[in-house]
There are 2 protein chains.
Amino acid sequence: MTRVLVIDDEPQIVRALVINLKARHYEVDAAHDGATALRLAAARHPDVVVLDLGLPDMDGVEVIKGLRGWTRVPILVLSARHSSDEKVEALDAGADDYVTKPFGMDELLARLRAAVRRAEPVPGGEDEVVVDTAEFTVDLAAKKVNRGGKDVRLTPTEWHLLEVLVRNTGRLVSQKQLLQEVWGPSYGTETNYLRVYMAQLRRKLEADPAHPRHFITEPGMGYRFEK
Amino acid sequence: MTRVLVIDDEPQIVRALVINLKARHYEVDAAHDGATALRLAAARHPDVVVLDLGLPDMDGVEVIKGLRGWTRVPILVLSARHSSDEKVEALDAGADDYVTKPFGMDELLARLRAAVRRAEPVPGGEDEVVVDTAEFTVDLAAKKVNRGGKDVRLTPTEWHLLEVLVRNTGRLVSQKQLLQEVWGPSYGTETNYLRVYMAQLRRKLEADPAHPRHFITEPGMGYRFEK
DNA sequence: GTCGTCTTTGACGGAACCCTGACGGCCGCC
DNA sequence: GGCGGCCGTCAGGGTTCCGTCAAAGACGAC
């Protein structure tokens, strides 16, 4: 199911959007200020964001930049401002589309569908959904890890960390990038989190956790997943 | 360079677009009917398409479908029709954005940039990130060095130094520049650092560290990396 | 409220890394 | 030949970084 994050401080607009989206079987989260929005985005990983630029606590463009720091999720901007400059600024900050209020619900939904559609991975995707190693198997689509015929139970954070690493198989992922992708854009220095969770992943997946063969530490730089 | 295909039967609009796009260093192809457009798209593989829905020979939506049959190139629709149904139809047929005439050139260009940006491959595109030599291979994206089938382990400082040198393959890099890029702007005279780390790189990567073939010293000036 | 699970936090030993100084070789120059 | 500048090599010591453990805090289920 497609997950939408709606960010707007006007309750009636939020309500209208939520009703229409839910009726079309979207899963909807709502935030009424920028700080909540950024936190929710990090926690819930929406498939598309609908953002009103006029927020009480921060400039809408700052929200766009905050999101673009760590994700390419489509951002559809709503705004009462018709000025060309505003549109250009928002789009160049990383927004994908800009709709002026008042808007037609049909059009908005069509733009939403377009944004979601083009963000979809190529059909018959080139990216592997299942990654095999000698000791275990990761199924990114099913969100499952199998080891020795049994499913391994992972906590949400463990899974998220594993996912980022596996999607970058063979590549070094910096500690900052890991922290920001898993814990949110405001993190970046809390390397102790990584140490703890990397240890848990190794304990659950490595044959010999003390001498990891798949979750490799690059001191001072980050971690790397190898098949 | 980014290639744009403009499809419109009104010469003055085409001319305005072509002038503005070329001034911004886009490469521009133009078609004034749907058949030509489809042929040009297949032949030239544009990075983005600007399509006017009102064409003489065929319905604009048919052009969209014709393109979508084989490509995911971003399509930006122009139209004089403001009706919601038209927008929905075009977007659902596969358009990425819909701009109503008369439009502001600034806004159109911003939407064009947004369309091109999100179609870009994942950051750090496909461009040469792997550098080969006779003895070893440097993958700048994965931050990996392979030598004789085995990965070579480098410390952060070693990496940083190697990276600067490799990004300037064949060119002389001054000691001052190396020191400032690797150790920070307040360094510039601590050439002993360079001696130590250059030695470590040679020991790890050169076949005969005493007679380096890739990491070459230019006495009094700096170092150079050669393939 | 109580329990269980998950996350966050702090502390510690050990390993990895970076800086530093010393020494020797090579070369050009006085 | 002696000297100084420049570079390569090596090894020790201080510092940072990582793995590990344990316990407290947050959260939801019952």
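Chain identifiers are assigned alphabetically (A, B, ...) following the order of the sequence lines, protein sequences preceding nucleic acid strands; residue numbering begins at 1 within each chain. Hydrogens, waters and symmetry mates play no part in the numbers below; they use all other heavy atoms, side chains included.
Aromatic ring orientation, A/Tyr193 versus A/Trp183: tilted (interplanar angle from 30° to 60°). Using a 30° and 60° split on the angle between ring planes, B/His45 and B/Trp70 fall in the perpendicular class, above 60°.
In this entry the distance linking NE2 of B/His160 with P of C/dC17 reads 17 Å, nearest Å. Taking atom OH on A/Tyr193 and atom P on C/dA11, their separation rounds to 15 Å, with Å as the unit. Taking atom CD of A/Gln200 as the reference point, atom P of D/dC21 lies 11 Å away to the nearest angstrom. If you measure from atom CZ of B/Arg195 to atom P of D/dG5, you get 13 Å, rounded to the nearest angstrom. Atom CE of A/Met198 and atom P of D/dT20 are 12 Å apart (whole Å). Residue A/Arg202 contributes atom CZ, which lies 7 Å from atom P of D/dT20 at whole-angstrom precision. Atom-to-atom, CG of A/Asn192 to P of D/dA23 comes out at 18 Å; the value is rounded to the nearest Å. Taking atom CD on A/Glu158 and atom C1' on C/dT7, their separation rounds to 10 Å, with Å as the unit.
Minimum atom distance to the side chain of A/Val196 is reached by D/dC21, of the listed D/dT9, D/dC21, C/dT7.
For C/dT8, the OP1/OP2 oxygens have a side-chain nitrogen or oxygen of A/Trp183 closer than 4.0 Å. Distances shown here put a side-chain N or O of B/Gln175 below 4.0 Å from the OP1 or OP2 atom of D/dC7. The phosphate of D/dG19 (OP1 or OP2) has a side-chain N or O of A/Tyr223 nearer than 4.0 angstrom. Phosphate proximity of D/dC6 to B/Thr191: absent, as no side-chain N or O sits under 4.0 Å from OP1 or OP2. Contact between the side-chain N/O atoms of A/Thr157 and the OP1/OP2 oxygens of C/dC6 is not found at any separation under 4.0 Å. A close approach under 4.0 Å does not occur between any side-chain nitrogen or oxygen of B/Thr217 and OP1 or OP2 of D/dC6.
Across all strands shown, A/Arg153 has heavy atoms under 4.0 Å from sugar-phosphate atoms exclusively, and none from any base.
Between A/Asp96 and B/Arg118, at least one side-chain N (NZ, or NE/NH1/NH2) sits under 4.0 Å from a carboxylate O, which counts as a salt bridge. In summary, B/Glu158 and B/Lys204 engage in a salt bridge, as defined by a charged side-chain N under 4.0 Å from a carboxylate O.
With 3.5 Å as the limit, one finds no donor-acceptor pair spanning the side chains of A/Thr2 and A/Asp47.
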